[in-house]
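We count ligands from 1, going down the list as the structure has it; atoms in each ligand are counted the same way.
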Amino acid sequence: MFDANLKMEGSSGMRRADCRGKGGAPGFKVAILGAAGGIGQPLAMLMKMNPLVSVLHLYGVSNIPGVTADISHMDTGAVVRGFLGQPQLDNALTGMDLVIILASVPRKPGMTRDDLFTMNAGIIKTLCEGIARCCPKAIVNLISNPVNSTVPIAAEVFKKAGTYDPKRLLGVTMLDVVRANTFVAEVLGVDPREVDVPVVGGHAGVTILPLLSQVKPPCSFSQEETENLTARIQNGGIEVAVAKDGTGSATLSMAYAALKFADACLRGLRGDAGIVECSFVASQVTELPFFATKVRLGRNGAEEIYQLGPLNEYERAGLEKAKGELAGSIQKGISFMSK
Ligand SMILES: NC(=O)C1=CN([C@@H]2O[C@H](COP(=O)(O)OP(=O)(O)OC[C@H]3O[C@@H](n4cnc5c(N)ncnc54)[C@H](O)[C@@H]3O)[C@@H](O)[C@H]2O)C=CC1
Ligand SMILES: O=C([O-])CC(=O)C(=O)O
């Protein structure tokens with residue numbers, strides 16, 4: 001019964017799914033890798049609701065048939081197809097415009113994101129080799145932790161394959177921005193949708209650097225508010241992982257943030273003007289080869305990378321700490337690929 005979508009690779013179920021797709025709305029082809037996990041399931045649902053998506057490929061190593069069948073019953077435009085296990089990776093990726101990578105292991109309380117390196121580095125390498133083979137022009141949204149190291153790993157894989165385009169590889173730090181907007185709005189007593197906090201650096205601990213002096217609408221915070229807000233934004237991941245008591249890390253807010261970022265990338269691909277979001281990308285803003293700042297998203301990915309803007313003394317000190325930790329995490333990713 002399920003197999004409407006899984007057996008579809010070469011079965012009558014596939015033919016049914018394809019037929020339904022033929023009259024589908026024009027739009028982009030999106031693959032989610034790790035689609036049956038904690039973030040993957042709600043993200044798959046949100047992407048199925050996104051009118052910019054015409055084809056949605058769900059790839060993973062377990063539970064893909066059920067998630068695919070379930071999502072495919074939603075009466076929205078995107079055609080959904082499931083792909084289970086590494087032998088189906090290439091089919092999942094072929095022809096994709098945007099690939100969102102979640103596949104990996106999340107952390108538990110007491111672990112740092114870096115503790116995930118050993119488990120996740122090899123997974124990211126394999127998936128990126130697939131992207132280089134099957135959809136080298138796709139925009140890649142890399143969510144799997146530790147982002148500060150997985151993005152350099154992905155860059156090295158693409159360089160090795162001769163497909164590297166730094167504009168198309170985007171580390172997702174959107175959840176830091178989402179959290180910053182929410183926590184700042186709480187302090188200001190305003191609607192979070194009216195708040196815009198740039199968060200720069202990377203995606204772990206002190207490398208997450210909210211620029212509270214650049215909040216829009218313009219506002220000011222006491223030193224105590226600045227320190228508390230910065231600490232809460234930097235520790236947002238721990239706050240959720242501790243509350244989940246060992247059962248996982250942030251999934252629902254991350255799916256929301258991933259949708260927000262992927263939608264911005266798709267609007268950029270469509271040619272919309274003025275799409276600006278924060279992302280961890282190859283960068284010359286600092287002496288480090290990768291750094292998160294605001295970037296302008298366009299038909300080719302991150303087409304323009306913005307400078308940091310004026311920093312106050314507290315932020316300048318935060319920047320030095322962030323760069324110290326980031327340098328090691330980036331090097332760890334690069335070294336993994338040179339072994
Ligand atoms: N960038 C960010 O802001 C955030 C990143 N994350 C990270 O996102 C990642 C996913 O988190 P969750 O969805 O909560 O984890 P999860 O464990 O619930 O889901 C991960 C999925 O990946 C699949 N998977 C594992 N190995 C795979 C492989 N070799 N090939 C394909 N699929 C594979 C698993 O079967 C599972 O379905 C973690 O690395 C987590 O740390 C989480 C929250 C925020
Ligand atoms: O904290 C974690 O492990 C997951 C994550 O990256 C976040 O929630 O920001």
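With no hydrogens or angles considered, no side-chain donor-acceptor pair links N148 and H203 at under 3.5 Å. Using modelled atom types, one finds no donor on one side chain facing an acceptor on the other under 3.5 Å when comparing Q88 with N91. Side chains of T251 and K244: a donor-acceptor N/O pair is present below 3.5 angstrom, by distance only.
When the salt bridge (charged side-chain N to carboxylate O under 4.0 Å, His left out) test is applied to E315, no partner is found at least two apart in sequence or on another chain.
The aromatic rings of F336 and F117 lie perpendicular to each other, with more than 60° between the two planes, well past the 30° mark.
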Note every protein N or O atom lying under 3.5 Å from an N or O atom of ligand 1, pairing the names and giving the distance.
unit_1: ligand 1; atom_1: 1 (N); unit_2: I143; atom_2: O; d: 3.1
unit_1: ligand 1; atom_1: 1 (N); unit_2: V172; atom_2: O; d: 3.2
unit_1: ligand 1; atom_1: 3 (O); unit_2: H203; atom_2: NE2; d: 3.0
unit_1: ligand 1; atom_1: 6 (N); unit_2: N145; atom_2: ND2; d: 3.4
unit_1: ligand 1; atom_1: 13 (O); unit_2: G38; atom_2: N; d: 3.4
unit_1: ligand 1; atom_1: 13 (O); unit_2: I39; atom_2: N; d: 3.0
unit_1: ligand 1; atom_1: 18 (O); unit_2: G38; atom_2: N; d: 2.7
unit_1: ligand 1; atom_1: 22 (O); unit_2: S104; atom_2: N; d: 3.4
unit_1: ligand 1; atom_1: 37 (O); unit_2: G37; atom_2: N; d: 3.3
unit_1: ligand 1; atom_1: 39 (O); unit_2: S104; atom_2: OG; d: 2.7
unit_1: ligand 1; atom_1: 39 (O); unit_2: N145; atom_2: N; d: 3.1
unit_1: ligand 1; atom_1: 41 (O); unit_2: N145; atom_2: ND2; d: 2.9

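Atom CG of L170 sits about 11.5 Å away from atom CD1 of I100, to the nearest 0.5 Å.
Put simply, the side chain of S213 never gets that close to the backbone of L211: no donor and acceptor are under 3.5 Å apart.
The pair E287-K323 counts as a salt bridge, with a side-chain nitrogen and a carboxylate oxygen less than 4.0 angstrom apart.
Hydrophobic clustering, defined by side-chain heavy atoms of Ile, Leu, Val, Met, Phe, Trp and Tyr closer than 4.5 Å, groups Y306 together with V276.
Listed as neighbours of ligand 2 are R107, R113, N145, L175, R179, H203, G237, S249, A250, each bearing a heavy atom under 4.0 Å from the ligand.
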